Structures are given as structure tokens and as C-alpha cells.
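Only one structure is covered here, and it is reproduced in the block below.
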Number of protein chains: 2
Amino acid sequence: MKKDVIIELETIFKLLGNRQRLTILELLRERAYSVSEIIAILDMEQSAVSHQLKLLREAQLVQTQRQGREILYCLSDSHVLTLLDNALNHVSHVLKQETHEEFLAEEREKNKKG
Amino acid sequence: MKKDVIIELETIFKLLGNRQRLTILELLRERAYSVSEIIAILDMEQSAVSHQLKLLREAQLVQTQRQGREILYCLSDSHVLTLLDNALNHVSHVLKQETHEEFLAEEREKNKKG
DNA sequence: ACTTTATATGAATAGAAATTCATATAAAGG
DNA sequence: CCTTTATATGAATTTCTATTCATATAAAGT
């Protein structure tokens with residue numbers, strides 16, 4: 001596989017590998033939301049949300065549309081949805097085997113203590 | 001969506017969001033390889049490879065099997081392959097800098113032919 | 001023009017992850 | 001049992017990413 005494809009994969013997975021961004025994408029899956037709505041619903045800092053949205057925009061995972069003073073964000077690409085769904089499949093599959101969940105619980109414990 | 005599902009998604013995407021790990025997974029897609037083969041083929045540091053494999057193992061993305069002195073690694077889960085394929089779809093779309101509409105048109109063409 | 005509301009951005013800092021180095025373990029062969 | 005080969009791991013350091021703070025821009029209402 002070519003290096004630039006790997007780099008692109010890395011980029012998109014890196015973007016998806018973040019709780020805030022995943023939560024935002026999950027929300028946008030429903031419908032378009034303005035930045036202030038996202039901030040209110042997800043109870044996140046304005047600046048943090050704006051920075052995360054910038055990253056998602058730059059990677060073309062979301063699209064924007066101005067509406068008066070507000071800016072509406074929506075998912076730009078059905079691939080992203082498919083990707084999320086697939087990952088969910090993997091996750092639920094792994095959860096059924098229950099060892100992965102045990103591992104995560106362990107990790108969380110480690111993080112508490114460390 | 002529940003918080004722990006988001007955390008699971010974050011975990012797996014974070015793992016996939018790394019060039020070395022992606023390259024290793026890409027290689028293992030072919031067949032099982034020993035650690036030393038991976039090191040030689042991908043021209044990476046022994047320690048780095050070992051650390052990455054540890055992470056992939058802990059997340060159950062790969063499985064191991066001892067064969068004498070060597071340890072063979074292989075993919076443990078077809079979901080991971082699907083996930084990678086999906087991401088590749090997204091990536092090739094982004095690389096071509098197509099719009100969403102162009103992409104959908106293409107997909108419709110593929111479906112006609114396929 | 002001035003103020004308010006909505007969003008974006010640059011820069012500094014804090015926090016997380018990757019890399020490297022040294023060392024440990026484990027199997028195989030003499 | 002000592003050496004070699006294969007792999008793993010802990011700890012220190014470097015590098016990357018996230019968060020926060022201050023400020024900027026932009027539209028709308030007054």
C-alpha cells in the first residue's frame with residue numbers, strides 16, 4: 001500500500017480517535033447543529049468545540065453553512081457514517097467477548113492511580 | 001450514545017490512527033508474520049515494533065502464536081479489515097478531492113456494473 | 001457607528017503518546 | 001548451564017495533541 005494512503009488513513013483515524021470529536025460527529029449524525037447548540041448540548045468549552053470543528057472541517061468530515069449569525073455544521077460524507085457504524089460493529093463484537101471491556105476497565109483503573 | 005461506547009470507539013480509532021500500526025496491520029492482512037519478519041520488512045526498530053504490537057494485542061486487533069523461538073502475529077478479527085476497507089473508501093474519495101455528489105455518482109456507476 | 005451575539009484563531013501551557021535505550025525473559029543449540 | 005537468537009518491557013526523553021486564555025472577525029440590531 002502506498003505511503004500517502006497510509007498517511008490519509010492515519011489522518012482520518014487520528015481525527016476519529018478523540019472523544020469530543022466522536023461525540024460531535026455522533027450528534028451531527030442526527031441533523032445539522034449550530035456551534036452554540038453543540039456547545040450547549042454537549043456541555044463543552046466554546047473554544048474547544050471551535051478548534052475541534054476546525055479539524056473536522058479541514059479533513060472534510062463536516063461541512064458548514066452560514067445562517068445569519070450562526071454557522072450550521074453537518075456531516076459532509078456518508079462514508080464517515082459507514083466508518084462509525086463499522087467501528088461500532090467491531091466494538092460490540094469485541095464487547096461480547098468481554099475481554100476487551102475488562103482490559104479497558106483495567107486501563108481506566110491504571111489512569112486513576114497514575 | 002453511551003459514554004463507554006464512545007470510549008471504545010476512541011480506543012480503536014486511536015490505535016488505528018498511527019502510521020506504524022497501520023502499516024503493520026496492512027502487512028498482517030496478507031498472512032501471519034513473526035516479529036523479526038515485521039522488523040525486517042517494514043524497516044522499523046525492534047523495540048518500537050514490539051511496543052506497537054503490544055498495543056494491538058491488548059486491544060485484541062492481533063493474535064499471537066509461538067513457534068519455537070519466534071512469535072507469529074496475525075489479525076484476529078475480520079471487522080478490522082472491514083474497518084480499514086471503509087476508511088480506504090473515504091480516503092480515496094478525499095484524495096481525489098471529489099465532492100460528495102461526484103462520489104455518489106461514481107458509486108451508482110459501480111453498482112450498475114458490479 | 002456602537003453593542004451584542006456567534007464563531008474563529010493564535011499562542012501558551014498541560015497532558016498524552018511515541019521513541020529510544022537499557023535490560024529482561026524465554027527458547028534452542030551447543 | 002552457557003550462548004545465541006527472538007521478543008518484551010520499564011523508564012527517560014522527545015514529540016504531538018488538547019486545552020485554555022485572550023483576542024479577532026463577522027453579522028445583526030440599535
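Just so it is clear: chains get the letters A, B, ... in the order the sequence lines come, proteins before strands, and each one is counted from 1. Quick caveat, the model's predicted, so the values are computed rather than measured.
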Requested in this report: May I have the distance from F13(B) (atom CZ) to dA17(C) (atom P), rounded to whole angstrom?
Outcome: 17 Å

**Report entry** Evaluation steps, side-chain contact (heavy atoms from CB on, under 4.5 Å), between S76(B) and V62(B)
**Finding:** CA-CA 5 Å; S76(B) 65; V62(B) 300; 5.5 Å; no

Query raised in the report: What integer distance in Å separates R19(B):CZ from dA18(C):C1'?
Result: 12 Å

Query raised in the report: Can you tell me if the side-chain N/O atoms of Q52(A) get under 4.0 Å from OP1 or OP2 in dT19(D)?
Result: yes

Query raised in the report: Quick one: is dA8(C) close enough that its OP1 or OP2 comes under 4.0 Å of any side-chain N or O from Y73(A)?
Result: yes

Report summary line: Taken to the nearest whole Å, CG/L15(B) to P/dA16(C) is 17 Å

Report summary line: Rounded to the nearest 0.5 Å, the OG1 atom of T11(B) sits from the CG atom of L55(B) at a distance of 11.5 Å

Report task. Using a 4.0 Å heavy-atom cut-off across all strands, classify R57(B) as base, sugar-phosphate, or nothing. Result -> sugar-phosphate

Report summary line: Among dA17(C), dT7(D), dA8(D), the one nearest any side-chain atom of K14(B) is dA17(C)

Nucleotides 21-24 of chain C: which of its N/O atoms have a protein N/O under 3.5 Å away?
unit_1: dC21(C); atom_1: N4; unit_2: S47(B); atom_2: OG; d: 2.5

Report summary line: R66(A) atom CZ is separated from dA6(C) atom P, nearest whole Å, by 12 Å

Query raised in the report: In whole angstroms, how far is the C1' atom of dA18(D) from the NZ atom of K54(A)?
Result: 15 Å

Query raised in the report: If you pin V35(B) and G17(A) to their nearest nucleotides in DNA chain D, which one's is more 5'?
Result: V35(B)

Query raised in the report: So do L16(B) and L9(A) actually touch side chain to side chain, heavy atoms under 4.5 Å?
Result: no

**Report entry** Side chains of Y73(B) and I24(B) in contact at under 4.5 Å (non-hydrogen atoms)
**Finding:** no

Report summary line: Rounded to whole Å, the CD-C1' distance (E70(A) to dT5(C)) equals 9 Å

Query raised in the report: Does any donor-acceptor pair link the side chain of R69(B) with the base of dT4(D) at a separation under 3.5 Å?
Result: yes

Query raised in the report: Quick one: are I12(A) and L61(A) in side-chain contact, heavy atoms under 4.5 Å?
Result: yes

Query raised in the report: Rounded to the nearest 0.5 Å, how far apart are OH of Y33(A) and CD1 of I39(A)?
Result: 14.5 Å

Query - Distance, rounded to the nearest Å, where L72(A) contributes CG and dA6(C) contributes P - result: 13 Å

Report summary line: Regarding the side chain of N18(A), the nearest nucleotide among dA18(D), dT9(D), dT19(C) is dA18(D)

Query raised in the report: Touch check for S36(A), heavy atoms < 4.0 angstrom, all strands: base, sugar-phosphate only, or nothing?
Result: sugar-phosphate

Requested in this report: Could you state the atom-to-atom distance from CG of L55(B) to C1' of dA18(C) in whole Å?
Outcome: 10 Å

Query raised in the report: Heavy atoms, side chains only, cut-off 4.5 Å: are L53(B) and I38(B) in contact?
Result: yes

Requested in this report: Using a cut-off of strictly less than 4.0 Å, decide whether R21(A) has a side-chain nitrogen or oxygen near OP1 or OP2 of dA18(D).
Outcome: yes

